[in-house]
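Computation of the quantities below employed the complete heavy-atom set of this structure, encompassing side-chain atoms and omitting hydrogens, waters and symmetry-equivalent molecules. Order of the sequence lines sets the chain letters (A, B, ...), proteins ahead of strands, with each chain counted from 1.
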Amino acid sequence: MSSQLEEFKNAVYYWVAQIPKGKVTSYGYIARLAGYPRHARHVSKALGSADKSLNLPWQRVIGSTGKIAFSPDSNGYAKQVALLKKEGVTIINGKVNLKQFAWQFVEKDKSTSKAFNPESFFK
DNA sequence: AACTTGACTTCAA
DNA sequence: ATTGAAGCCAAGT
């Protein structure tokens with residue numbers, strides 16, 4: 001059996017992997033999709049401990065206000081900005097214009113929502 | 001057991 | 001638009 005922590009991580013990784021190239025979303029949003037509301041801070045922790053072989057687009061996860069979560073002088077900050085710019089996302093003063101780049105997982109199309117089922121993605 | 005620490009969020013000045 | 005306090009919660013000291 002897998003620990004609850006693994007469940008959480010897998011769910012987070014799954015949803016982060018769904019973010020389309022050139023779009024961004026927030027830690028809190030991922031937490032909700034994963035089924036763990038109020039765990040935004042743990043999403044960042046999970047990403048930090050994610051295996052690099054998963055090739056997760058971690059750079060597409062930012063703060064709820066569109067701000068890069070890393071400290072501006074940090075190493076990760078520069079890396080994240082570079083990666084985002086590379087895929088067409090514009091960053092102004094450390095922030096992304098959410099009106100333009102925010103990703104929302106919309107389930108209005110119920111017929112395809114089945115394709116996005118974390119349960120079947122792992123294992 | 002008590003306190004600190006985050007790649008967070010929300011709300012009120 | 002900015003800032004700061006408070007709320008959040010699992011992990012680490």
Problem - ring-ring contact (aromatic ring centres under 6.0 Å, His included) partners of residues 64-98 of chain A, not counting sequence neighbours, each pair once - result: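 Residue pairs with at least one partner in residues 64-98 of chain A: there are none.
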
Problem - Side chains of V61(A) and L47(A) in contact at under 4.5 Å (non-hydrogen atoms) - result: yes

Fill in the blank from the handout: Contacts of N55(A) meeting side chain to side chain donor-acceptor pair (under 3.5 Å) (sequence neighbours excluded), chain-then-number -> none

Mind checking side chain to side chain contact (heavy atoms under 4.5 Å, CB included) for [X] and listing every partner two or more places apart, or none if nothing turns up?
| X | value |
| --- | --- |
| A46(A) | F8(A), K9(A), V12(A), Y13(A) |
| N93(A) | none |
| T25(A) | I19(A), Y29(A), I30(A), W103(A) |
| L83(A) | W58(A), Q59(A), K79(A), K86(A) |

Heavy-atom closest pair, residues [X] and [Y]:
| X | Y | result |
| --- | --- | --- |
| L98(A) | T65(A) | CD1-C, 3.7 Å |
| V89(A) | K23(A) | CG2-N, 4.4 Å |
| S26(A) | S64(A) | CB-CA, 3.7 Å |

Exercise for the section: Output the residues of residues 63-84 of chain A in contact with DNA chain B, where contact means a heavy atom of the residue under 4.0 Å from an atom of the strand; sort by number or write none. Expected result: G63(A), S64(A), A69(A), F70(A)

Practice task
Can you tell me which stems DNA chain B forms, taking runs of 3 or more consecutive Watson-Crick or G-U pairs with both distances under 3.5 Å?
Solution key: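 Stem segments, range with range: B:2-6 with C:9-13, B:8-13 with C:2-7.
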
Exercise for the section: Round to the nearest Å and state the distance from I30(A) atom CD1 to dA7(B) atom C1'. Expected result: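 Nearest whole value for this atom pair: 13 Å.
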
Practice task
Walk along DNA chain C from 5' to 3' and tell me the first and last nucleotide with an atom closer than 4.0 Å to a non-hydrogen atom of chain A.
Solution key: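 Endpoints of the contacted stretch of DNA chain C: dG7(C) to dA11(C).
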
Practice task
Give every residue pair that meets the salt bridge (charged side-chain N to carboxylate O under 4.0 Å, His left out) criterion with at least one member in residues 60-77 of chain A, sequence neighbours excluded.
Solution key: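 Residue pairs with at least one partner in residues 60-77 of chain A: R60(A)-E87(A).
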
Exercise for the section: Kindly state each residue pair satisfying salt bridge (charged side-chain N to carboxylate O under 4.0 Å, His left out) with at least one member in residues 28-46 of chain A, sequence neighbours excluded. Expected result: none

Exercise for the section: List the steps, then state whether side chain to side chain contact (heavy atoms under 4.5 Å, CB included) holds for T90(A) with V96(A). Expected result: CA-CA 6 Å; T90(A) 318; V96(A) 169; over 6 Å; no

Exercise for the section: Please list residues of residues 37-53 of chain A whose heavy atoms come under 4.0 Å from any atom in DNA chain C, ordered by number; otherwise none. Expected result: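 When residues 37-53 of chain A is checked for heavy atoms under 4.0 Å from DNA chain C, the hits, listed by number, are R38(A), H39(A), R41(A), H42(A), K45(A).
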
Handout entry: W58(A) or R32(A), whichever maps to the more 5' nucleotide of DNA chain B
Key =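 On the 5' side of the pair lies W58(A).
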
